[in-house]
Amino acid sequence: MSSRFQAPRGTQDVLPDMQPYWQAVNDAIREVTHLHGFRRIDTPVFENAGVFEKGSGDTTDVVEKEMYVFEDRGGERLALTPEGTPAICRAYLEHGMASWPQPVRLYTTHAMFRYDRPQKGRYRQHTQFDCEVLGSVDPLVDAEVIGILWDLYARLGIKNITVRLGSLDDLESRRSYIERLKDYYRPHLSKLSEDSQRRFARNPLRLLDSKDERDQPFKEAAPKLIESLSPLAQEHHDAVQGALAAAGIQFAIDPLLVRGLDYYNRTVFEIVPDDDERAQGTLGGGGRYDGLIELLGGPSTPGIGFGSGIERIILEMQKNGITFEPSPVAQVYIVHRAAGAGPKVFALASELRAAGVPAVIGETGKSMKAQMRGANTSGARFAVIIGDDELAAGAAVLKDLASEDGAQETLPLASLAAAIGARLRA
RNA sequence: GCGGGCGUAGCGUAGUGGUUAACGCGUCUGAUUGUGGCUCAGAAGAUCGAGGGUUCAAAUCCCUCCGCUCGCCCCA
């Protein structure tokens, strides 16, 4: 057993039974993005590692601890895409999209890779639906992007979700806030949890996010970023809220919402199931990144976007009781039991397929009973039976598998495809 | 990366030291000459996640590893 291969840790096979979920999600993504004027982009599975080291920030967990980095045979440092935004920004610059009509609205579904300890809803390879709008500072765009996710989840039958909305202020004023926050925490440092002591040095905003009991007393009195936004950031934040409210999108301000990537400013958001007990429940999240393109060496260009994990969306659909009927393997199953019938049978199947009718052929040599069983489990509507008599007469038996009495009739081979077509349409 | 739980045929389970590891679903075959679904009969399929140890004897106890899972961390 152990000598057999297994899918690598944290990866999974999507078997045929699960495909309807993926199809439903992908269809809904296509519709929703189309309705919002987004166009699809696909970027490579791997990029120069620097795209993420510079873009996402080389001290973020995603880059520092979780990114798959490797050197190729030519000595190039490459990384499997851990998140979509910097890759799309790289493409924006590379292809001169600044000279396209602004803003540029792009979406993709892309495999993402993070070396993380897997859990349900957390995988080393997952698939993300990503939307990015580049070249706009309009708060209506922030609301629009949040609205895309809202619409998507609604279409997929996911109920009872809430948008958590926050603002990380603009970069300058956030820096001074972080100093104030550190000043506040510094005297208490020794009383904090080990995690929070690490956070103090690494990512002070996360201090307010701690779940450790020892840290709770200090959270209350700590200064909150969202209470002292710069006037412009405050105005922006208000405008986003106004637009969301007008569209009937339920949101809750989360003063402690912090995201794990360095480039965010102003609007940040997450969408989570209301009842969610589990830690890996966040369906999607994102925010504004007005400084990112510049970080990547481009002209100052505002942007906003999000990622949403398709595996998590599907888990949430299942939690909401969404199921799919198994679909038939084919419409027509050809049963054949005559020596030398192979070529005729094969030609008939081709003819059916050319007419748009899915058809499969029973296994040569198997008993008629076995092939009929195959026809039944395939879910096909019709069985076409070709035995010695039919082959000699240039005919075939057409049997309606849906009828309980097993109605069947013999038809000339030449007219079979047309007859089946007519019945399927009826 | 840290801590806990779990791991028996494709799937779901029974079996907690002692004969050829059991059952359901599924798969395959058959039930008088070439016909599915229901029923019946039969078959295949498991070195009990892997490796090592304790014991006269291990799926069952111990250790290590692998995988899944829950919480933390982090994130989608």
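We name chains A, B, ... by the order of the sequence lines, and we start the count at 1 in each one.
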For residues 128-141 of chain A, please give each side-chain donor-acceptor pair under 3.5 Å, one per line with the distance, not counting sequence neighbours.
{"unit_1": "A:Gln128", "atom_1": "NE2", "unit_2": "A:His126", "atom_2": "NE2", "d": "2.8"}
{"unit_1": "A:Glu132", "atom_1": "OE1", "unit_2": "A:Tyr289", "atom_2": "OH", "d": "2.5"}
{"unit_1": "A:Glu132", "atom_1": "OE2", "unit_2": "A:Thr85", "atom_2": "OG1", "d": "2.8"}
{"unit_1": "A:Ser136", "atom_1": "OG", "unit_2": "A:Asp138", "atom_2": "N", "d": "3.0"}
{"unit_1": "A:Asp138", "atom_1": "OD1", "unit_2": "A:Leu140", "atom_2": "N", "d": "2.8"}

task = Determine the Euclidean distance between corresponding C1' atoms of B:rU16 and B:rA22; express it in Å to zero decimal places.
result = 15 Å
request  = Using the P atom as the reference point in each nucleotide, state the distance between B:rA57 and B:rG71 in Å, no decimals.
outcome  = 43 Å
task = Figure out the CD/C1' separation between A:Glu83 and B:rC74, and round it to whole Å.
result = 14 Å
inquiry  = Would you measure the distance from the P atom in B:rC23 across to the matching atom in B:rC61 and give it in whole Å?
reply    = 24 Å
query = Is the NE2 atom of A:His188 crowded by more than 12 outside heavy atoms at less than 6.0 Å?
reply = yes
ask   = Say you pick atom C1' in B:rU13 and the same atom in B:rC74; how far apart are they, in whole Å?
value = 36 Å
query = Which part of the nucleic acid, if any, lies within reach of A:Gly10 when heavy atoms closer than 4.0 Å are counted: base, sugar-phosphate only, or nothing?
reply = sugar-phosphate
task = May I have the distance from A:Leu257 (atom CG) to B:rA76 (atom P), rounded to whole angstrom?
result = 11 Å
message = For the backbone of A:Leu168 and the side chain of A:Tyr177, can you confirm whether one donor and one acceptor N or O come within less than 3.5 Å of each other?
response = no
message = Within the 4.0 Å heavy-atom criterion, would you say A:Arg199 contacts the bases, only the backbone, or no part of the nucleic acid?
response = sugar-phosphate
inquiry  = Rounded to whole Å, please give me the gap between CZ in A:Phe5 and C1' in B:rC66.
reply    = 14 Å
inquiry  = Can you measure A:Arg122 atom CZ to B:rC2 atom P for me and round it to whole angstrom units?
reply    = 13 Å
remark   = Each nucleotide of nucleotides 30-42 of chain B classed B (base within 4.0 Å of a protein heavy atom), S (only sugar-phosphate) or -, in 5' to 3' order, makes BB--BBBB-----
request  = Using the P atoms only, state how far B:rA59 lies from B:rG52, rounded to an integer number of Å.
outcome  = 14 Å
message = Which heavy atom of A:Pro273 sits nearest to which heavy atom of A:Leu283, and what is that distance?
response = CD-CG, 4.3 Å
query = In whole angstrom, what separates A:Gln119's CD from B:rG71's C1'?
reply = 7 Å
message = Taking any heavy-atom pair under 4.0 Å as a contact, classify A:Tyr123: base, sugar-phosphate, or nothing.
response = base
key: Nearest-Å distance once atom P is located in both B:rG4 and B:rA43   = 47 Å
note = When A:Asp195, A:Asp61, A:Asp262 are each screened for salt bridge (Lys or Arg N to Asp or Glu O under 4.0 Å) with A:Arg202, the one that passes is A:Asp61
ask   = Between A:Arg214 (CZ) and B:rC73 (P), how many Å, whole number?
value = 12 Å
Closest-nucleotide 5' rank along RNA chain B - winner of A:Gly286 and A:Ala7 = A:Ala7
Euclidean distance for P, B:rG15 against B:rU29 (whole angstrom) = 34 Å
request  = With heavy atoms under 4.0 Å as the rule, sort A:Leu283 into base, sugar-phosphate or nothing.
outcome  = sugar-phosphate
task = Would you mind checking if A:Arg337 and A:Asp388 are paired as a salt bridge, meaning a charged N to carboxylate O distance below 4.0 Å?
result = no
ask   = In whole Å, what is the span from the CZ atom of A:Arg124 to the P atom of B:rA76?
value = 18 Å
query = With rounding to whole Å, what would you report as the distance between B:rG3 and B:rA50 at their C1' atoms?
reply = 24 Å
